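As structure tokens, the structure follows; a few thoughts come after it.
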Amino acid sequence: MSYINLITEIEGNIATIAINREKALNALNKVTLDELYSAFSEVFNDDRVRGIVLTGQGEKAFVAGADIKEFLGRTKEEGMDMARAGHRLFDFIQNAPKPVVAAINGFALGGGLELALACHIRIASTTAKMGLPEVSLGIIPGYGGTQRLSQLVGKGFAFEMILTGNMVEAERALQIGLVNHVVSGEELLTKAKEMLDVVASRSPKAISAAIRAINAVFGQKGFEVEIQEFGSCFGNSEFQEGVSAFLEKRKPKF
Ligand code: DAK
């Protein structure tokens, strides 16, 4: 299948999915989210594929977040609907029958970092910057970030990253366990594929079983709380101010 906003490729038994909206720093608009769901379905059902690399096209961004330009005018109900649709994709990746490695080649912000968090393993390039800046826009991470970041780095670092909205550089991300490895930009895809080559040599049924078992460590209730809280941020005046400030390229006044 061919896509508007994705480039996909299968080499040996590894598939690569690259988000291809370079001018918008690969921001996730609705079309891209839908296409990602289709592309992941395709590779999960393809018997040739034993592992997937997810990355962003270009050198600047993995994904700079959800597409802020699609935000304005949304109501609480629409916010909750969007949240459920996003959760469907992110849960699909997390619960995949095959390993998914995020190759973080630049900015991974907001929904972009949440996408990387839904993957099983993260490898970053030395220039990557990661953060959940949603509170600057008057919202909270709404694609599972409050849950998955806390699970990965612990509550202390999750509180710091989410409440300040500040970005962390690749080396810091490595120290706190946000990413598994940091390599140069040139080595990034090779490193991701080498890791998946090792996994691909193991029993596919055992790999799927391991993914299911590891995911079972974490409960589901927090995701529902996140959806409710995200919905309640949508449509209020602080959210309008946060989004308008971004679009007008100024600092928000809360
Ligand atoms: N959305 C749309 N366009 C974006 C974008 C984004 N997230 N990020 C960047 N762009 C666009 C810029 O508007 C600019 O477009 P033009 O002005 O050229 O038309 C182009 O990409 C290049 O960006 P900059 O000119 O800003 O590039 P700089 O190098 O100066 O800065 C930057 C790079 C990454 C620091 C900056 O672009 C930036 O701060 N971007 C926004 C980052 C951000 O706040 N991301 C988080 C968004 S909030 C939901 C669940 C979750 C979410 C949403 C809904 N539901 C449950 C419903 C997720 C929310 C988020 O992700």
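When a ligand or atom number is given, it counts from 1 through the structure's own listing order. If you're wondering where the values come from, they're calculated on a predicted model, not measured in any experiment. Scope of the values below: all heavy atoms of this structure, side chains included, with no hydrogens, waters or symmetry mates.
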With side chains defined as the heavy atoms from C-beta onward, is the minimum distance between M130 and I104 less than 4.5 Å?
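Yes, side chains in contact.
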Which atoms of ligand 1 have any heavy atom of [X] under 4.0 Å away?
X	answer
G110	46 (C), 61 (O)
L25	9 (C), 21 (O), 22 (C), 23 (O), 33 (C), 34 (C), 37 (O)
P133	43 (C), 44 (O), 45 (N), 46 (C)
L137	47 (C), 48 (S)

In terms of heavy-atom contacts, does [atom1] of [X] have more than 12 from other residues, nucleotides or ligands at under 6.0 Å?
X	atom1	answer
E70	CD	yes
E9	CD	yes
Q228	CD	yes

At under 4.0 Å between heavy atoms, which part of [X] makes contact with ligand 1: side chain, backbone, both or neither?
X	value
F234	neither
K249	side chain
L28	neither
K23	backbone

Does ligand 1 have any atom sitting under 4.0 Å from a heavy atom of [X]?
X	result
K129	no
K60	yes
F71	yes
E70	no

Intermediate values then yes/no, ring pair (Phe, Tyr, Trp, His ring centres under 6.0 Å), F71 and F246
CA-CA 11 Å; F71 276 11; F246 175 80; 9.1 Å; no
N/O separation below 3.5 Å, A64 to ligand 1
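Yes; the residue has a nitrogen or oxygen that sits under 3.5 Å from a nitrogen or oxygen of the ligand.
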So, is K69 polar-close to ligand 1, with some N/O to N/O distance under 3.5 Å?
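The answer is yes, given that K69 and ligand 1 share an N or O pair closer than 3.5 Å.
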Could you tell me the separation between the CD1 atom of I17 and the CD1 atom of I10, rounded to the nearest 0.5 Å?
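I17 CD1 to I10 CD1: 9.0 Å, rounded to 0.5 Å.
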Look up atom CZ in F234 and atom CD1 in I140, then write down how far apart they are to the nearest 0.5 Å.
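Result: 11.0 Å between the selected atoms.
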Joint cluster assignment, I207 & I93, ILVMFWY side-chain distance < 4.5 Å:
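Unlinked, I207 and I93 end up in two clusters.
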Minimum heavy-atom separation for Y3 to E42, with atom names?
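In terms of heavy atoms, the two residues are closest at OH-OE1, 2.6 Å.
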Please work out which of [options] has its closest non-hydrogen atom nearest to [atom].
atom	options	result
atom 54 (C) of ligand 1	F230, F107, F90	F230
atom 6 (C) of ligand 1	G65, A61, A24, A66	A66
atom 61 (O) of ligand 1	A27, P141, G111	G111

Which residues satisfy the ring pair (Phe, Tyr, Trp, His ring centres under 6.0 Å) test with F90, sequence neighbours excluded?
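With sequence neighbours excluded, F90 shows a ring pair (Phe, Tyr, Trp, His ring centres under 6.0 Å) to Y143, given in chain and number order.
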With a 4.0 Å cut-off, would you call R148 and D91 a salt bridge?
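D91 and R148: salt-bridged.
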